[in-house]
Amino acid sequence: MATKHDDGTVLVRQEQKLKPPSMYKVLLLNDDYTPMEFVVMILQEYFSKDREAATQIMLMVHRDGKGMCGVYPKDIASTKVELVLSHARKAGHPLQCVMEEV
Ligand code: TYC
C-alpha cells in the first residue's frame, strides 16, 4: 500500500516478511543396548521431565521404536541432540537422538 503526500513524497508500506521460527521435534530412538535407567536420566536432565514422565517416554520408545522428548526452535533442538549424543557416547551407549521439523 502506497500513500502519496502533497510534497510529492510517496510512503510505501513494507510488507511483513517475518515468519514464526520453524519448530523441531526431538526424538529418541530405541536400541537393544542403552540401559533404561540411562534413558530416564537423559530425559530428566536434558528435557526437564520428572521421573514419572521420563519413565513413560522411555517405555514408549522401548515399545514403539521412537518417542518424542519435546518441541523446540531449531537451534535449541540441535543443541539438545548434540548434548544427548555426546553424553551417551561418553558413557559408552549407542543411544540415538534426532530432530525432525514439525
Ligand atoms: N531398549 C533398551 C533396553 O531394553 C532401552 C531403551 C529405551 C534404549 C529407549 C533406548 O531410546 C531408548 N535396554
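Counting convention: from 1, in listed order, for ligands and their atoms alike.
In this structure, Val10 and Lys4 approach most closely via the heavy-atom pair CG2-CG, 4.1 Å.
Looking at His5 and Leu11, their side chains come closer than 4.5 Å, going by heavy atoms from C-beta outward.
Applying the side chain to side chain contact (heavy atoms under 4.5 Å, CB included) test to Asp32 and every residue at least two apart in sequence or in another chain returns nothing. Listed by chain and residue number, nothing satisfies the side chain to side chain contact (heavy atoms under 4.5 Å, CB included) test with Pro21 (two or more places apart in sequence, or in another chain). Under the rule for a side chain to side chain contact (heavy atoms under 4.5 Å, CB included), the partners of Asp64 that lie at least two apart in sequence or sit in another chain are Met60.
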Can you list every pair where an N/O of ligand 1 is under 3.5 Å from an N/O on the protein?
{"unit_1": "ligand 1", "atom_1": "1 (N)", "unit_2": "Asn30", "atom_2": "OD1", "d": "2.8"}
{"unit_1": "ligand 1", "atom_1": "1 (N)", "unit_2": "Asp31", "atom_2": "O", "d": "2.7"}
{"unit_1": "ligand 1", "atom_1": "1 (N)", "unit_2": "His62", "atom_2": "ND1", "d": "2.9"}
{"unit_1": "ligand 1", "atom_1": "4 (O)", "unit_2": "His62", "atom_2": "ND1", "d": "3.4"}
{"unit_1": "ligand 1", "atom_1": "11 (O)", "unit_2": "Leu29", "atom_2": "O", "d": "2.8"}
{"unit_1": "ligand 1", "atom_1": "13 (N)", "unit_2": "Thr34", "atom_2": "O", "d": "2.9"}

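Using bins of under 30°, 30° to 60° and over 60° for the plane-to-plane angle, the ring pair Phe47/Tyr72 lands in the tilted bin.
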